[in-house]
There are 2 protein chains.
Amino acid sequence: MGLAKTEMFTDTQNQIALFAKVFGHPARVAILQKLFEIDTCYCGDLVNEIGLAQPTISQHLKELKHLGLIKGNVEGTSVCYCINKENWFKMKEVMFQFLNQDIPKGDTCC
Amino acid sequence: MGLAKTEMFTDTQNQIALFAKVFGHPARVAILQKLFEIDTCYCGDLVNEIGLAQPTISQHLKELKHLGLIKGNVEGTSVCYCINKENWFKMKEVMFQFLNQDIPKGDTCC
DNA sequence: TTATATTATTGCAATATTACGATTAATAGT
DNA sequence: ACTATTAATCGTAATATTGCAATAATATAA
């Protein structure tokens, strides 16, 4: 199949999975870290920084953009990418809710 | 390829990606949420709770176990699963470091 | 207008993931 | 020993992901 049965899960569960999935590749992690690190953020810079081919980087950027985590601004022939701050905070809230779940006190198991 | 070029990224970047990847499927999110919710946590309970077949749940559990996020305890014919608290906290530290990156102050871009 | 620079898109090949039926393994109860 | 219960594993089909060469699209510069 290779296809997740999203219909049997809650919206929140699917949303967490979607955000997590996009962080599930080191190239996208590296891209985001670079975007946090620098102000000016041309696509070509990322291609140089990370060792992957331009089409590959472009594809990863597309996925990050599709989830709303980054924005792209056309500047002449190049495109300046940056973090979409508003959506990054929204994502953080969703992920924190998940990661910060309280661990059950009882030690009945394990 | 379908194969991430992990060798060109830092250990931290790869680790973040590995953790995120395991959260990148709603079934595993649901499993973890259930494990946080209840104390006793037999595998069969998860099969009933989530609508997926037993081999599918078993496979997802295996991945969570492989990353050290859960523990499995054999109890007769059933297996009791639960959160590996120590590793969950370690994972949280890594993910928080990533998610809490400071957003650049300047608005030179976008 | 042609050349150059930069990014996006297309089309693949290789590999990974998801899901489940069938089976196996292990244990408990009779 | 036989049976039932539970979970893991195997095998396989369907789909997704990753990566890149080739190409297209867009804008700038000469």
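In the text below, chain A, chain B and the rest are named by the order of the sequence lines, each starting its count at 1.
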Name the closest nucleotide to the A/His25 side chain, picking from D/dA8, D/dA7, D/dT18. D/dT18
I want to confirm an ordering. Mapping A/Thr6 and A/Gly44 to their closest nucleotides on DNA chain C, which one lands closer to the 5' end? A/Gly44
Output the single nucleotide from D/dA22, C/dT18, D/dT9 whose closest atom is nearest the side chain of A/Pro55. D/dA22
Distance, rounded to the nearest Å, where B/Asn73 contributes CG and D/dA8 contributes P: 12 Å
Which part of the nucleic acid, if any, lies within reach of A/Ser58 when heavy atoms closer than 4.0 Å are counted: base, sugar-phosphate only, or nothing? base
Under a plain distance cut-off of 3.5 Å, with no hydrogens placed, do A/Asn100 and B/Lys92 share a side-chain donor-acceptor pair? yes
Counting only side-chain heavy atoms from C-beta out, which of D/dT6, C/dC20, D/dC20 sits nearest to B/Thr56? C/dC20
When you check the phosphate oxygens OP1 and OP2 of D/dT17, does a side-chain N or O of A/His60 lie under 4.0 Å from one of them? no
Would you kindly give the CG-to-C1' distance between B/Leu18 and C/dA16, to the nearest whole Å? 14 Å
In this structure, CG of A/Asp102 is separated from CZ of B/Phe36 (nearest 0.5 Å) by 8.5 Å
Between C/dT9, D/dA7, D/dA14, spot the one nearest the side chain of B/Cys43, thanks. D/dA7
Rounded to whole Å, CD1 of B/Ile57 lies from P of C/dC20 at a distance of 9 Å
For the rings on A/Phe96 and B/Phe96, is their centre-to-centre separation under 6.0 Å? yes
Please compare A/Val74 and A/Leu52 by the position of their nearest nucleotide in DNA chain D and report the one closer to 5'. A/Leu52
Nearest to the side chain of A/Thr77 - D/dA13, C/dG21, D/dT28? D/dT28
To the nearest angstrom, how far is B/Glu63 atom CD from D/dT9 atom C1'? 14 Å
Once you round it to whole Å, what is the distance between C1' of D/dT6 and CG of B/Asn48? 12 Å
Salt bridge flag under 4.0 Å for residues B/Glu93 and B/Lys90: no
Can you tell me the distance, in whole Å, between the NZ atom of A/Lys5 and the P atom of D/dT15? 13 Å
Near B/Asn48 CG, under 6.0 Å, is it more than 12 heavy atoms from other residues, nucleotides or ligands? yes
DNA chain C: B/Lys21 or B/Gln54, which has the more 5' nearest nucleotide? B/Lys21
Protein-nucleotide distance (B/Tyr42, atom OH; C/dA28, atom C1'), rounded to Å: 14 Å
Which nucleotide, C/dT18, C/dT9, D/dG19, lies nearest any side-chain atom of A/Gln59? D/dG19
Tell me: CG of B/Leu3 to C1' of C/dA14, nearest whole Å? 9 Å
